[in-house]
Number of protein chains: 2
Amino acid sequence: MITRSEENYIKAILSINLEKNSIVLTNEIAKILETSAASVTEMIKKLQDKKLVIYEKYKGVKLSKAGRIKAFEILRKHRLWETFLVNKLDFSWGEVHEVAEQLEHIKSEKLTDKLDHFLNYPKFDPHGEPIPTKSGIIPSTKRITLSEMKINSEGIIMGVSLDNKEFLDHLTKISISIGTKIEAIDRIIFDQSMKIKINSKIEHVSKEIANNILIKVN
Amino acid sequence: MITRSEENYIKAILSINLEKNSIVLTNEIAKILETSAASVTEMIKKLQDKKLVIYEKYKGVKLSKAGRIKAFEILRKHRLWETFLVNKLDFSWGEVHEVAEQLEHIKSEKLTDKLDHFLNYPKFDPHGEPIPTKSGIIPSTKRITLSEMKINSEGIIMGVSLDNKEFLDHLTKISISIGTKIEAIDRIIFDQSMKIKINSKIEHVSKEIANNILIKVN
DNA sequence: AAAAAATTTTAGGCTTGCCTAAAAAAAGAC
DNA sequence: GTCTTTTTTTAGGCAAGCCTAAAATTTTTT
């Protein structure tokens, strides 16, 4: 049996690994989990005993095959629950993370599968992040940021790359949501802000916002 | 902050109290939670410090006002989640308990409220047990057991009074589910078994089964 | 009402997951 | 390449929630 705390470590290791694509250091885990480096070392040893990670003293840690499977399972559950909260319960983007963080630890394979079915096998969560399949495969799409869109081109909003409540609440306000069609109307060179068209309404977004909205083109 | 373990104790105290309607003894809690009497005593003291229970050494324990509110909150969540699992995810009666046992500890008032709304404010869970409202009121209905039905009378199945997997799975097999109309056709005096009509199909149920099916008449 | 039995509490220990401080190792500066 | 700084690990402690064994209290029996 894997404990909730162990799950959080495994999850942290996966997310760091996905980002920098190399061995994960003690301090990086400590930072994400807001814990001490000593606690991390301690836990890594337990995970090693359970064959969930491969660890070399002072060098860093990576997930074993079993650990990777477990980690993707948690990620899958997290993203399915986020999808449920937004699509079915009408949560806004900014509110889901904390709750999904709890729901991802519910242990029941049947529940996960039935939830997946109920949501109609979604490929992406409300932030546009891919949801791993049951067999652990991550769907991929080529996505660009809104900032990178060509003027006068069209795209579909696929998600965001920033998980900040104020940011997400603002998007909700200007009707930016997953699956919505978006058109790049103009770019103001001075501040890199943009004019866009959403639901045939023109909106103006700053560079900071445009940088964090993910678009699928074509 | 109330811990998961504390929540389980509070919940156990409520359920014992609802059943026998008097002060709750250490051993009764120990039995339900499958733990030692010593652990129960220890935890009761913690709950007393947090003003969730009123406790007198060697005499027993009961919930304080705050404790009762908390306990009903957990019960409410448990039964809402069971309803979700059966009505939306298509779980069978026998499968939901263990999962709901986990889900009831998710901390988010917003989640509970939105779930309640999504389920259309159900008054009873799939076992026919009343779901406490947000303000802690338990709806009540007059219900009788199938055994008590008059021959040739009709009723609606409201739930069961036994939470046993084999039992519930059997009910599923003979199409007995919440809200279904049922008609008492005949009673065999010898063994108190009954013939009933469900969805215009005749079924035969033993005394043991009839004792544990709850019916709303009229 | 005293003895026996059952229940409950206390005492002392264990594991998990966290902490700080100190020691060891690795990385960076000169 | 040695010295300094940073990172990581080890050592020792603490709270939560469990345990068993022994002591205290209550209940039952006779």
Side-chain angles (χ1 to χ4, degrees), chain A residues 1-17 19-20 22-63 67 70-71 74 101-102 104-105 107, chain B residues 1-14 16-17 19-20 22-63 67 70-71 74 101-102 104-107:
Chain A
M1 222 338 76
I2 185 167
T3 68
R4 173 175 296 234
S5 191
E6 286 167 348
E7 287 192 349
N8 284 329
Y9 276 89
I10 289 289
K11 200 182 74 162
I13 295 169
L14 176 66
S15 83
I16 296 164
N17 178 258
E19 233 173 69
K20 62 169 217 173
S22 67
I23 205 160
V24 174
L25 305 177
T26 302
N27 262 355
E28 296 171 328
I29 300 171
K31 202 171 163 189
I32 285 202
L33 296 181
E34 293 176 293
T35 188
S36 70
S39 300
V40 174
T41 302
E42 196 183 27
M43 180 58 93
I44 285 174
K45 285 197 209 145
K46 275 179 209 156
L47 294 172
Q48 190 185 30
D49 292 346
K50 293 193 177 183
K51 310 246 188 276
L52 292 168
V53 300
I54 294 152
Y55 168 56
E56 215 183 328
K57 249 189 185 182
Y58 292 105
K59 292 288 169 56
V61 71
K62 60 179 185 173
L63 294 170
K70 195 80 216 146
I74 303 165
E101 202 85 339
Q102 297 180 61
E104 73 190 2
H105 297 292
K107 283 176 179 51
Chain B
M1 221 338 79
I2 185 167
T3 68
R4 173 176 294 235
S5 191
E6 286 166 347
E7 287 193 348
N8 282 330
Y9 276 89
I10 289 291
K11 199 181 75 160
I13 295 168
L14 176 66
I16 297 165
N17 179 259
E19 234 174 67
K20 60 169 219 174
S22 68
I23 205 162
V24 174
L25 306 176
T26 303
N27 260 355
E28 296 171 329
I29 300 170
K31 202 171 165 191
I32 285 199
L33 297 181
E34 293 176 293
T35 187
S36 70
S39 300
V40 174
T41 301
E42 195 183 29
M43 180 57 93
I44 285 174
K45 285 196 210 146
K46 274 179 211 156
L47 294 172
Q48 190 185 31
D49 293 345
K50 293 194 177 182
K51 310 247 187 276
L52 291 168
V53 301
I54 295 153
Y55 168 57
E56 216 183 326
K57 247 190 186 180
Y58 291 104
K59 290 292 168 55
V61 72
K62 60 179 185 174
L63 294 171
K70 196 80 216 143
I74 302 165
E101 202 85 342
Q102 298 178 62
E104 72 190 4
H105 297 292
I106 303 291
K107 284 177 179 49

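Here is how names work: the chains are called A, B, and so on, in the same order as the sequence lines, proteins then strands, and each is numbered from 1. Everything quoted here is computed from the prediction, not taken from an experiment.
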Of the nucleotides [options], which one has an atom closest to the side chain of [X]?
X: Ser39(A); options: dT10(D), dG17(C), dC18(C); answer: dC18(C)
X: Lys46(A); options: dC18(D), dG17(C), dT10(C); answer: dG17(C)
X: Ala38(B); options: dT8(D), dA11(C), dC18(D); answer: dA11(C)
X: Tyr58(A); options: dA24(C), dT8(C), dC18(D); answer: dA24(C)

Taking only side-chain N and O atoms of [X], does any of them lie within less than 4.0 angstrom of OP1 or OP2 on [N]?
X: Asn27(B); N: dT8(C); answer: yes
X: Tyr9(A); N: dT16(C); answer: no
X: Ser36(A); N: dC18(C); answer: no
X: Lys45(B); N: dT10(C); answer: yes
X: Ser5(B); N: dA16(D); answer: no
X: Thr35(A); N: dC19(C); answer: yes
X: Lys57(B); N: dT26(D); answer: no
X: Thr3(A); N: dT16(C); answer: no

SB check [X] [Y] (cutoff 4.0 Å):
X: Glu101(A); Y: Lys11(A); value: yes
X: Lys70(B); Y: Glu6(B); value: no
X: Arg4(B); Y: Glu104(B); value: no

Touch class at under 4.0 angstrom, heavy-atom based, for Thr41(A) against every strand present:
base
In whole Å, I'd like the distance from the [atom1] atom of [X] to the [atom2] atom of [N].
X: Leu33(A); N: dC19(C); atom1: CG; atom2: C1'; result: 15 Å
X: Ile2(A); N: dG17(C); atom1: CD1; atom2: P; result: 10 Å
X: Met43(B); N: dC18(D); atom1: CE; atom2: C1'; result: 10 Å
X: Glu42(A); N: dC14(D); atom1: CD; atom2: C1'; result: 12 Å
X: Ile44(A); N: dT16(C); atom1: CD1; atom2: C1'; result: 17 Å
X: Tyr55(B); N: dT10(C); atom1: OH; atom2: P; result: 6 Å
X: Glu56(B); N: dT26(D); atom1: CD; atom2: C1'; result: 13 Å
X: Glu34(B); N: dC19(D); atom1: CD; atom2: P; result: 10 Å

Ignoring hydrogens and geometry, is there a side-chain-to-backbone donor-acceptor pair from Asn17(B) to Lys62(B) under 3.5 Å?
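A pair under 3.5 Å: no.
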Test your reading of the model: is there a side-chain donor-acceptor pair from Thr41(B) to the backbone of Ala37(B), 3.5 Å cut-off?
yes
